[in-house]
K.L.:
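Below you'll find the structure I mean.
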Amino acid sequence: MISLSKPIIGDDEKQAVMRVLDTGMIAQGPEVAAFEDEFSRFMEGHHCIAVNSGTSALHLGLLASGIECGDEVIIPSFTFAATANAVALCGATPVFVDINIETFTMDPNAVEAAITENTSAIMPVHLYGHPSEMDPFTEICTRKGLTLLEDAAQAHLATYKSQPVGTFGTAAFSFYPTKNMTSGEGGMIVTSDDEVARKAKLLRNQGMEVRYKNEVVGFNNRMTDIHAAIGRVQLKKLRERTTKRQENAKFLSENLSTVNVPIASSAVEHVYHQYTITTDRRDELSEYLNHENIGNGVYYPIPVHQLPSFGKELDLPNTKTAAQQASSIPVHPLLTSEELHRIVEVMNEWN
Ligand SMILES: *Cc1c(COP(=O)(O)O)cnc(C)c1O
């Protein structure tokens, strides 16, 4: 069986956890601070605030940016539900728009058309590790005075015109086990805004900066030192593992002949959280690959606006097509050359 994804936990991670456990101080402490500092070096020195999940990072990033009840936040419908959940958990309304079918990222023209007097933020998702079109989004936010929030949960180290995603607006990363790097569970808020950073830190820790002098109503969304220790080890290996993903993707794209391979424009560095192909016989392909013991997955079969939790009827044709035709196949860094060749061989024999 060639698995679709595989978290890579080695001796380094185990030793890092043991080192923290041996100190007896295991809640948020020096490891979290070091992880934030090290992550910040990949984020042009912006503030990094570690939290317990990517969803918390999105949620606190929005709250710290002042998003509240009555606000509208424009997001793509073709994403993981957490993007929309984070908006709804602020009491704000997610406004779902369509994607560009070639990159699976939010369509800037659709965003422009969805802006109302209640719009307060737009939240592009760098889906599958492919950066969103940040020039138009930055321009729209500047012109309209809107907050830009990046859902970078799947896009560690991706760049748009050589600038790292996560540094355009306030951003959220995830360290869930299947993501390009993991801390077990975890997330990171990244922002260059001192006030947003201060608020996010307050919200993470019961509204306290000074102990027992709680300034605002907050959460316990702290990361533990145990998780941060894992994250620090993974971060050290991230560049190398990302390069391996990119090489695997290149091999697949050069050799696959029966499906549409993912497109990455020359302006971006795609980090292939998923390698996602399209075909109008997606379900047949899935059955075939299952039979051949090749892992595959559909991200995401139901557009978020149609989920029972949001239940909206909207006409988003590209989103609909993507939900019907997209299929992800293995690209993870542990794939051997033999496995890559087998994937190509099996896929190219499909008819
Ligand atoms: C994984 C993911 C999240 C949420 O991250 P968690 O760490 O699982 O809470 C948010 N948005 C997208 C696009 C994701 O893939």
Side-chain angles (χ1 to χ4, degrees), residues 4-5 7 32 35 39 48-63 67 73-90 94 96-97 99 103-106 121-132 137 148-158 165-166 168-190 200 203-204 219-224 227-228 230-231 234-235 245 270-276 297-305 307 309-310 319 322-323 326 328 331-332:
L4 178 59
S5 72
V32 169
F35 185 30
F39 202 82
C48 289
I49 302 108
V51 289
N52 58 349
S53 73
T55 307
S56 295
L58 286 169
H59 184 204
L60 300 197
L62 285 163
L63 289 174
I67 306 307
V73 179
I74 301 174
I75 64 170
S77 176
F78 193 62
T79 180
F80 181 50
T83 312
N85 288 347
V87 174
L89 286 169
C90 297
F96 299 98
V97 301
I99 52 167
T103 61
F104 305 109
T105 60
M106 190 157 68
I122 70 172
M123 193 148 88
V125 180
H126 308 304
L127 201 73
Y128 306 143
H130 189 295
S132 302
F137 292 135
L148 180 61
L149 233 126
E150 295 172 69
D151 182 340
Q154 303 185 352
H156 320 69
L157 297 193
V165 306
F168 290 85
T170 292
F173 287 85
S174 164
F175 306 122
Y176 183 74
T178 58
K179 301 290 157 80
N180 288 21
M181 62 170 283
T182 184
S183 62
E185 292 266 14
M188 194 73 81
I189 302 159
V190 179
L203 291 168
R204 164 177 72 174
F219 303 84
N220 172 1
N221 282 349
R222 297 181 301 260
M223 178 180 276
T224 72
H227 293 91
I230 300 172
Q234 293 260 319
L235 185 58
R245 282 178 185 274
H270 190 332
V271 294
Y272 296 98
H273 167 59
Q274 298 290 354
Y275 183 88
T276 304
V298 174
Y299 309 102
Y300 300 89
I302 306 175
V304 177
H305 73 272
L307 291 172
S309 45
F310 292 99
T319 297
S328 298
V331 73
H332 62 79

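We're numbering straight along the sequence, starting at 1. All ligand and atom numbering here is 1-based and tracks the order in the structure.
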K.L.:
If you measure every N/O of Asp151 against every N/O of ligand 1, is any gap under 3.5 Å?
P.N.:
yes
K.L.:
Closer than 4.0 Å to some heavy atom of Gly54 - which atoms of ligand 1 meet that?
P.N.:
5 (O), 6 (P), 7 (O), 9 (O)
K.L.:
Only one of Ile189, Asn221, Val190 clears side-chain contact (heavy atoms from CB on, under 4.5 Å) with Ile49; which?
P.N.:
Ile189
K.L.:
I'd like the name of whichever of Gln154, Lys179, Met123 reaches closest to atom 2 (C) of ligand 1 through any heavy atom.
P.N.:
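Shortest heavy-atom distance from atom 2 (C) of ligand 1: Lys179.
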K.L.:
Under 4.0 Å, heavy atoms only, figure out whether ligand 1 is touched by the backbone of Thr55, its side chain, both or neither.
P.N.:
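Contact part for Thr55 vs ligand 1: both backbone and side chain.
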K.L.:
Check ligand 1 against Ala82 and write out every atom of the ligand that is under 4.0 Å from a heavy-atom position of the residue.
P.N.:
3 (C), 4 (C), 10 (C)
K.L.:
Using the ring of each side chain (for Trp, its six-membered ring), is Phe175 parallel, tilted or perpendicular to His156, with breaks at 30° and 60°?
P.N.:
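Correct class here is tilted.
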K.L.:
At what distance, to the nearest 0.5 angstrom, does CD1 of Ile302 lie from CZ of Phe78?
P.N.:
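If we round to the nearest 0.5 Å, Ile302:CD1 and Phe78:CZ are 12.0 Å apart.
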K.L.:
Look at the aromatic rings of Phe96 and His305 and report parallel, tilted or perpendicular, splitting at 30° and 60°.
P.N.:
tilted
K.L.:
Could you label the plane-to-plane angle of the Phe39 and Phe35 rings as parallel, tilted or perpendicular, counting under 30° as parallel and over 60° as perpendicular?
P.N.:
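Aromatic pair Phe39/Phe35 classed perpendicular.
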K.L.:
Quick check for you: to the nearest 0.5 Å, what is the distance between Arg245 atom CZ and His332 atom NE2?
P.N.:
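Nearest 0.5 Å value for the CZ-NE2 distance: 8.5 Å.
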K.L.:
Under 4.0 Å from any heavy atom of Val125, which atoms of ligand 1 are there?
P.N.:
13 (C)
K.L.:
What part of Thr79, side chain, backbone, both or neither, has a heavy atom within less than 4.0 angstrom of ligand 1?
P.N.:
side chain
